[in-house]
Protein chains: 2
Amino acid sequence: MFPVNVELSPHSISGNIGLAELKEAGNARDAIVEAAAKCFMHSGYSETSIDDVADDLGATKGRIYHYYRSKAELFFDVHRHGMAINLNAIEPIARGEGSPYDRLQSMCKAHLANMLEHIVYQRVVLQGVEMHLSSSTTPKQREKLKLLMKEREFYEGLFRDVLLEGRQNNTFSFENPSFASKAVLAILNNPVLWYTPRKTQSVQEKNQVIEEFSAFAMQSVNAKQ
Amino acid sequence: MFPVNVELSPHSISGNIGLAELKEAGNARDAIVEAAAKCFMHSGYSETSIDDVADDLGATKGRIYHYYRSKAELFFDVHRHGMAINLNAIEPIARGEGSPYDRLQSMCKAHLANMLEHIVYQRVVLQGVEMHLSSSTTPKQREKLKLLMKEREFYEGLFRDVLLEGRQNNTFSFENPSFASKAVLAILNNPVLWYTPRKTQSVQEKNQVIEEFSAFAMQSVNAKQ
DNA sequence: CGGGAAACATACTACTGAGTATGACGTTGT
DNA sequence: ACAACGTCATACTCAGTAGTATGTTTCCCG
């Protein structure tokens with residue numbers, strides 16, 4: 001991650017260093033997404049104004065509307081960002097080698113690690129679920145929201161598949177696979193609702209949360225090695 | 001328990017407020033609360049206007065502002081309503097007779113039954129949590145929000161106490177009691193995010209959800225009879 | 001029966017905030 | 001050197017909505 005906090009000061013001196021970096025990776029958008037994530041996490045979607053995000057950037061509306069057509073699109077992009085983080089971490093594990101037990105455990109721990117590390121994005125993802133429940137926004141944007149939920153369901157499917165595979169070995173036991181994956185993710189997502197990173201002992205704390213909540217998740221489906 | 005007591009409203013004595021409120025306090029407020037709950041669930045807090053609630057009532061703003069000083073207070077009342085439903089159902093069980101195992105299981109099933117039955121209110125309660133994360137509203141109303149969270153924590157404490165009691169017998173096993181109660185409630189609350197009541201087989205469906213998710217919750221803390 | 005208070009409806013105000021139109025500034029290509 | 005484009009800032013518009021001020025009806029109580 002790049003904590004690039006571009007101070008304003010539109011002097012374009014220094015030849016190309018700053019600008020080159022900005023342009024190359026499309027970092028202008030990324031900076032916006034990051035600021036938006038921070039604001040959305042802090043104040044929620046509706047309570048966050050575009051001006052708030054702009055302030056956080058040290059810029060104005062113009063900058064944001066130059067890259068995003070609407071507030072909703074910005075939110076969607078933040079959401080996608082968060083989901084991408086999760087998918088990149090979990091999908092390789094889910095499709096990798098190892099027993100269902102080992103894989104599920106790895107997935108749980110990786111997911112929890114993501115929650116605690118990228119909590120800013122993850123809370124936005126949760127807000128996406130809230131938004132889904134609400135009958136939100138315009139008719140056309142509901143399509144995009146549907147797509148985000150598809151992603152989410154795909155992600156849940158990764159867990160469901162491992163669970164199903166493990167049920168064959170009697171590694172796990174449950175009735176409804178869909179319910180089981182929902183229960184597991186409910187536990188794994190819970191920490192984002194209350195966890196706030198502290199400077200001191202941050203690592204210890206995190207490990208404790210990861211260990212315990214992955215244990216809860218595994219036990220909830222009656223995992224046996 | 002400490003039923004928080006909101007100062008406006010011409011009634012509301014200091015004692016226990018449970019069902020008495022429903023009867024005595026007149027249907028006017030209750031009708032408003034119910035309509036508000038419906039709207040808040042459907043569109044979320046910020047997306048719901050007072051006029052929306054009024055429309056649902058077949059009335060106008062005047063009616064609502066006659067009983068509630070602000071939109072936030074209305075929300076708080078809906079939240080309290082939801083919490084009261086839960087407390088009335090669970091507290092007797094938590095403080096009642098029986099083994100920790102039996103009590104926790106009863107609590108889980110009762111909580112789930114409440115979720116599915118009063119889903120309108122329960123989703124609003126969840127929004128309350130979201131609001132808590134956000135730095136919301138005016139400085140004075142944050143106090144009330146704090147009180148709601150106190151209620152919520154009290155509720156969580158009921159689960160925590162039973163869990164602690166059961167850990168002594170090796171009925172349950174976990175490290176951090178606070179984490180354990182959060183994990184259990186995370187599972188129990190999950191169905192409100194996706195459950196939508198259907199007319200047909202509604203009873204069958206509900207029972208299935210209740211049975212499975214209470215099982216997940218019990219297993220998550222390694223419950224053994 | 002009349003006066004007053006509760007229970008609303010109606011008609012405002014005031015303000016926030018999303019989205020736009022346009023201009024300013026720099027960069028790049030030729 | 002100039003034209004064209006990308007990248008923003010500034011200054012607007014305008015719709016939605018929380019809250020208020022005031023009128024109107026109904027009901028109760030002496």
Side-chain angles (χ1 to χ4, degrees), chain A residues 4 6-33 35-36 39-40 42-77 131 134-138 140-141, chain B residues 8-11 24-33 35-36 39-40 43-78 131 134-141:
Chain A
V4 227
V6 185
E7 314 297 311
L8 61 162
S9 73
H11 62 319
S12 67
I13 335 167
S14 72
N16 42 30
I17 296 182
L19 268 184
E21 217 173 332
L22 280 177
K23 283 191 169 183
E24 200 205 337
N27 261 346
R29 287 176 72 99
D30 285 345
I32 295 177
V33 167
C39 293
F40 287 152
H42 189 258
S43 310
Y45 176 74
S46 348
E47 309 301 333
T48 298
S49 73
I50 296 287
D51 289 310
D52 290 339
V53 181
D55 285 351
D56 192 276
L57 276 172
T60 65
K61 274 175 148 165
R63 177 109 146 250
I64 295 174
Y65 277 103
H66 180 71
Y67 292 96
Y68 291 95
R69 204 169 270 161
S70 71
K71 184 182 173 186
E73 289 212 22
L74 177 54
F75 177 84
F76 293 154
D77 218 25
M131 249 178 121
S134 314
S135 70
S136 69
T137 65
T138 84
K140 191 153 194 178
Q141 283 167 341
Chain B
L8 74 143
S9 86
H11 62 302
E24 193 225 334
N27 294 338
R29 286 177 72 98
D30 286 342
I32 294 176
V33 168
C39 293
F40 286 153
S43 310
Y45 176 73
S46 353
E47 309 301 335
T48 297
S49 73
I50 296 287
D51 288 311
D52 290 339
V53 181
D55 284 352
D56 192 275
L57 276 172
T60 66
K61 274 176 148 161
R63 176 110 145 247
I64 295 174
Y65 277 103
H66 181 70
Y67 292 95
Y68 290 95
R69 205 170 270 163
S70 71
K71 184 182 171 184
E73 292 219 21
L74 176 55
F75 177 83
F76 294 154
D77 216 26
V78 175
M131 251 176 117
S134 313
S135 69
S136 69
T137 64
T138 84
K140 190 155 196 178
Q141 283 168 341

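The chains referred to below are lettered A, B, ... by the order of the sequence lines, with proteins before strands, and numbering in each begins at 1. Small disclaimer: the values here were computed from a predicted structure and weren't measured.
- With sequence neighbours excluded, the residues satisfying side-chain hydrogen bond (donor to acceptor under 3.5 Å, both in side chains) with B:Ser46 are A:Ser46, A:Glu47.
- Closest to the side chain of A:Ala28, from the set C:dA7, D:dC8, D:dT10, is D:dC8.
- Atoms CZ (A:Arg63) and C1' (D:dA11) sit 19 Å apart, rounded to a whole Å.
- Ring geometry, B:Phe75 versus B:Tyr45: the interplanar angle exceeds 60°, so the pair is classed perpendicular (tilted spans 30 to 60°).
- Cation-pi geometry between B:Arg63 and B:Tyr68 is not met at under 6.0 angstrom from the ring centre and within 45 degrees of the axis.
- In terms of heavy atoms, A:Val53 sits closest to A:Cys39 at CA-SG, 3.9 Å.
- Between B:His66 and C:dA7, a side-chain N or O to OP1/OP2 separation shorter than 4.0 Å is present.
- Atom CD1 in A:Ile64 sits roughly 14 Å away from atom P in C:dT20 (whole-Å rounding).
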Tabulate protein N/O versus nucleotide N/O from nucleotides 13-22 of chain D, keeping only pairs under 3.5 Å, one per line.
residue	atom	partner	partner atom	Å
D:dA18	OP1	B:Lys71	NZ	3.2
D:dA18	OP2	B:Ile50	N	2.8
D:dA18	N7	B:Lys61	NZ	3.0
D:dG19	OP2	B:Tyr65	OH	3.3
D:dG19	OP2	B:Lys71	N	3.1
D:dG19	N7	B:Lys61	NZ	3.3
D:dG19	O6	B:Lys61	NZ	2.7

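- The shortest non-hydrogen separation linking B:Asp77 to B:Val33 is OD2-CG2, 3.7 Å.
- Taking atom CG of residue A:Asp55 and atom C1' of nucleotide D:dC8, one finds them 16 Å apart after rounding to whole Å.
- Judged as a salt bridge (charged side-chain N to carboxylate O under 4.0 Å, His left out), and not counting sequence neighbours, B:Asp55 has no contacts.
- If you measure from atom CD1 of A:Ile32 to atom P of D:dT7, you get 11 Å, rounded to the nearest angstrom.
- Straight-line distance from the OH atom of A:Tyr68 to the P atom of C:dG17: 22 Å, rounded to whole Å.
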